[in-house]
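All remarks here apply to the structure that follows.
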Amino acid sequence: MQKSRLGLWLFLTPVLLWLVLLIVLPHLDLLIMSFRGENDLGAPVWTMQNYMNFFTEPIYWLTFVRTALYSIITTAITLVLGLPVAFYIAKLARTRTQGTLTLLLLLPFWVSELVRIYGWMILLRESGVLNHLLVSSGLLSRPVEMLYNDATMIMGLVYTSMLFMVVPLISVMESLDDSLIEAAHDLGASKLVIWRDIIIPHCKPGITSGCIVVFMLALGNYLTPNLMGGKNSLWFTEQIYNQFIASFNWNQGSAFGFLLLLLSSLIIWAGLKISRQKLGEVAS
Amino acid sequence: MIRSLPRSRRYTWGFNLFIGAYFLFLFAPLVVTCVLAFNNSDFPSLPWQGFSLDWFLADGPDRIGIFHDEQNLRAIWTSFQTAFFVSIFCVLVGTCAAFLFEQEEFRFKGALYFLMLAPLVIPGVILGISLLLASNTAGMYVENNFGLDFDLFRPSFWLVVLGQFSFITTFVCLVVSARLRKFDRTLEEAALNLGANRLEVIWHITLKFLQPAIVGAGAVAFLMSFENFNTTLFLVGSEPTLPINLYLQVRDGSTPVINAVSLLLLVGTSILALVNLYFSKEEAD
């Protein structure tokens with residue numbers, strides 16, 4: 001008994017140090033900072049002002065709502081694109097090409113997100129590759145700026161988070177028994193019915209975990225909205241960054257950070273509840 | 001419909017076309033980046049001006065290739081050092097966490113496991129700012145109470161390492177846990193019966209069994225650290241990592257030297273990812 005206690009503490013100590021010092025305390029600090037402010041004399045006080053600013057200043061909460069909405073749109077598009085891709089790799093491709101396709105799917109995602117976004121920028125901008133090709137082939141008379149709008153930004157977000165949708169989908173689809181689809185087909189079910197009654201219900205765990213990860217990545221993304229979105233397409237993480245680095249108003253930034261954390265936790269919690277899953281199951 | 005069922009030609013063609021378009025979408029930006037690294041032009045754009053290795057080899061004064069670009073080289077080196085320390089710390093603590101959650105029983109285990117998963121659902125930006133705040137608070141406390149001034153508490157190399165470590169450890173723990181779950185515990189019992197103590201069992205038997213998963217998780221941690229942007233952004237001091245440095249260059253207008261860096265990055269990470277995949281395949285067979 002004595003020995004096993006020793007083992008327990010040996011493992012527990014580093015894990016506790018990690019979680020308490022780097023996860024729990026910093027987030028408590030974030031919460032505390034968000035309720036701090038200065039009174040008229042410049043002395044530190046407890047205040048709700050940082051949260052009040054958020055609700056009274058339309059640009060703040062509009063950006064917040066926009067970020068949430070666009071993240072949901074991104075997640076939906078990624079799901080719609082990801083389903084057929086995963087289905088093809090898991091169920092349609094020959095067994096030998098399956099491995100190659102999965103490998104190809106993974107490769108771009110090991111490269112820094114910055115490089116991928118940079119690639120899109122040199123493809124799409126006014127002096128970019130696509131414009132050059134379109135103009136020199138006569139399809140366009142003069143280059144068009146394709147960057148810096150909401151549609152491109154959403155495409156960028158879909159692109160950067162694609163993998164985290166496709167991989168869980170492939171793994172759930174591989175566990176789907178082919179004979180169920182064959183039986184349905186023999187009994188005269190149409191493709192639509194097969195998708196609705198067999199494939200989608202079976203894939204639900206994969207769909208939920210994919211959607212949660214993609215939503216979270218989109219919501220917390222800084223690079224893609226910053227580099228691909230236009231001047232008017234503010235992302236909430238940019239506002240957090242501005243408060244911290246540009247305005248040096250850490251209390252306001254903390255409040256924004258906490259609101260973003262609250263939003264992401266709420267939506268993830270709701271997603272898990274609706275699909276009747278637990279975080280532990282989704283993660284592993 | 002599926003492999004075993006007859007499919008109409010239109011269905012097959014339509015599907016193949018879709019998949020082709022998808023992979024084009026996936027690779028277009030990468031291919032363009034790599035090709036333009038060899039364009040003999042001062043801007044990363046078409047028209048094609050001929051093949052050139054200037055963006056790799058040129059040594060000024062008009063063009064500076066990546067192999068002579070001090071700033072980018074220093075950023076690459078910083079990223080290497082960061083990723084090295086992050087993967088070592090993550091593997092150590094992540095493996096401990098895997099043992100803790102798979103093999104030990106204690107009170108509040110469920111709650112602690114839930115906390116361990118939390119970094120998965122905290123946006124990277126939030127992790128960055130909360131750590132920035134906490135280290136600042138700690139720094140102020142130490143300074144006010146002991147009159148000491150530690151660089152560690154300001155945005156710096158080690159703060160970046162800590163920030164990346166705080167969430168990558170969770171991934172390492174999940175990978176190692178998955179492997180540990182497949183471990184046949186009767187092997188441990190046999191060793192214990194033969195007179196080994198718990199630590200000897202872990203060292204000689206369990207860790208040997210876990211080795212491939214640990215190496216794989218270490219490689220993943222290295223890559224994740226190397227490409228991390230969101231968390232690093234808030235913690236970086238005077239030594240930018242490669243993604244941060246590239247970001248500053250892209251934002252302020254770019255030369256094809258970024259394409260050259262991207263190409264090297266692509267080749268490097270692909271090789272590491274492929275080696276990792278090859279070894280994990282071999283293990284699975």
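We name chains A, B, ... by the order of the sequence lines, and we start the count at 1 in each one.
Under the 6.0 Å cut-off for aromatic ring centres, B/Phe25 and A/Trp120 qualify, their centroids lying closer than that. Taking the six-membered ring for Trp, B/Phe234 and A/Tyr241 have ring centres closer than 6.0 Å.
Put simply, the side chain of A/Asp29 never gets that close to the backbone of B/Thr137: no donor and acceptor are under 3.5 Å apart.
Under the 4.5 Å side-chain criterion, counting only non-hydrogen atoms from C-beta, A/Met162 is in contact with B/Tyr22. Taking the side chain as every heavy atom from C-beta outward, A/Leu22 and B/Phe167 never approach each other to under 4.5 Å. Counting only heavy atoms from C-beta outward, the side chains of B/Leu100 and A/Leu8 approach each other to under 4.5 Å.
Looking at A/Leu114, the atoms closer than 4.5 Å to chain B (heavy atoms on both sides) all sit in the side chain, from C-beta outward. Both the backbone and the side chain of A/Leu12 come within contact range of chain B, judged by heavy atoms closer than 4.5 Å. For a residue to count as touching a neighbouring chain, one of its non-hydrogen atoms must lie under 4.5 Å from one of that chain's; by this rule A/Phe215 does not touch chain B. Neither the backbone nor the side chain of A/Leu17 comes within contact range of chain B, judged by heavy atoms closer than 4.5 Å. For A/Phe244, the part sitting under 4.5 Å from any heavy atom of chain B is the side chain, from C-beta outward, and nothing else. In this structure, no portion of A/Ile32 lies under 4.5 Å from any heavy atom of chain B. Interface remark: A/His27 contributes backbone and side-chain atoms alike to the contact with chain B (heavy atom separation under 4.5 Å).
The heavy-atom pair separating B/Asn230 from A/Gly220 by the smallest distance is ND2-O, 2.9 Å. Contact between B/Ser166 and A/Ile23 at its shortest, heavy atoms only, is O-CD1, 3.8 Å. Nearest heavy-atom pair, B/Leu120 versus A/Met216, reported as atom, atom and distance to 0.1 Å: O-SD, 3.1 Å. Nearest heavy atom pair, residue B/Ile129 against residue A/Gly257, reads CD1-CA, 4.0 Å. Here the closest non-hydrogen pair linking B/Thr33 and A/Gly119 is OG1-CA, 3.3 Å.
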